[in-house]
Colleague: 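What follows is a structure written as structure tokens; I'll ask about it next.
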2 protein chains.
Amino acid sequence: MDAFAALADPVRRDLVSRLANGSARVVDLAGEHAISRPAISRHLRVLGEAGLVAADDVGRERHYRLERTGLAPVADYLAALEPQPRFDDSVLDGLDLEVRRAVRDRTGTDAIIHTTTEETA
Amino acid sequence: MDAFAALADPVRRDLVSRLANGSARVVDLAGEHAISRPAISRHLRVLGEAGLVAADDVGRERHYRLERTGLAPVADYLAALEPQPRFDDSVLDGLDLEVRRAVRDRTGTDAIIHTTTEETA
DNA sequence: CAGATCGGTAACCGTTAGGTTACCAATGTG
DNA sequence: CACATTGGTAACCTAACGGTTACCGATCTG
């Protein structure tokens, strides 16, 4: 099950939100979620398969933690829905030439396009 | 069906992506998606209920278009999972304003906006 | 060792999701 | 008007989802 399908379930979203505040054991999560422990366990397995959660075994306990990299597909998808997915330089056209010229002149570091960041007066 | 569940289906994600490039009719979308037109129609209804898609009636045709504000719950959820809730997510930059506005506007359904903010006493 | 705790898995069950075909209303066009 | 086009809906079916209880192994602890 992919990340989208995994996050379609409100219980799993709660679990992910919960784990964003720190890792937890299955019993802890089950104690907070009104449904049975096996149900929580299976939700965690789904989240694990989606790459959203990972576990560390500590003795007989299993500490689940959020795996934020698993959120990448979702974030990427949202980003791709932006009106202009490309960098729109047109707004800065006026500055653009000067920026490039300055970069050429200096040639020191690579500097490249940090855009409007370095504006020391 | 909320936005998360709506986006859980790959066909619906395709439809949303497709509509991000411009509106389209049901027959057009059906012609691109290998499944039957009624199936597409129902997917569009689901997307509409989730606030992800809207339609303009033009004669006997119905032009579907992407409703980006419907993405607010998802973007908001992702933002809430950030390690430190700074508003520095370049990925979600464009959505940010729409997120805030949509949260104000909609507030209907479950929306999930409160995300675990209300700490237990 | 005996027993409690932690956690995964299997079996079962009701509900829902998503596909199909068939049908219907509404609108454009010869 | 006759008919094609567009698109929504209903009925139906299969597969999957998500819950439960029961059971098992593994690990701490008296």
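A note on names: the letters A, B, ... follow the listed sequences, proteins ahead of strands, and every chain is numbered from 1.
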Colleague: What string of B, S and - do you get for nucleotides 17-30 of chain D, 5' to 3', when a contact is any protein heavy atom under 4.0 Å?
Modeller: SBBBBB----BB--

Colleague: Can you confirm whether or not the ring centre of A/F4 sits under 6.0 Å from the ring centre of B/F4?
Modeller: no

Colleague: Could you state the CG-P distance from B/L29 to D/dT5, rounded to the nearest angstrom?
Modeller: 19 Å

Colleague: Quick check for you: to the nearest 0.5 Å, what is the distance between B/R68 atom CZ and B/L52 atom CG?
Modeller: 11.5 Å

Colleague: Whole-Å distance between C/dA26 C1' and B/R62 CZ?
Modeller: 11 Å

Colleague: Could you check how far CG of A/D28 sits from C1' of C/dT5, rounded to whole Å?
Modeller: 12 Å

Colleague: Expressed in angstrom and rounded to an integer, what is the separation of B/H33 atom NE2 from C/dG18 atom C1'?
Modeller: 15 Å

Colleague: Have a look at B/R12 and tell me which of B/I40, B/L44, B/V46 forms a side chain to side chain contact (heavy atoms under 4.5 Å, CB included) with it.
Modeller: B/V46

Colleague: Taking only side-chain nitrogens and oxygens of B/S41, does any of them come within less than 4.0 Å of OP1 or OP2 of D/dG8?
Modeller: yes

Colleague: Taking CD from A/E49 and C1' from C/dT9, how many angstroms apart are they, rounded to a whole number?
Modeller: 13 Å

Colleague: Calculate, to the nearest 0.5 Å, the distance between atoms CZ and CE belonging to A/R45 and A/M1 respectively.
Modeller: 10.0 Å

Colleague: Rounded to the nearest 0.5 Å, what separates atom CD in A/E32 from atom CG in A/L15?
Modeller: 9.0 Å

Colleague: Taking CG from B/L44 and C1' from D/dT9, how many angstroms apart are they, rounded to a whole number?
Modeller: 14 Å

Colleague: Closer than 4.0 Å, any side-chain N/O of B/Y64 to the OP1 or OP2 of D/dT6?
Modeller: no

Colleague: What's the CG-C1' distance between B/L15 and C/dG18, to the nearest Å?
Modeller: 13 Å

Colleague: What's the CG-P distance between A/D2 and D/dA16, to the nearest Å?
Modeller: 15 Å

Colleague: Just verifying a value: how many Å separate A/R65 CZ and A/L19 CG, rounded to the nearest 0.5 Å?
Modeller: 10.5 Å

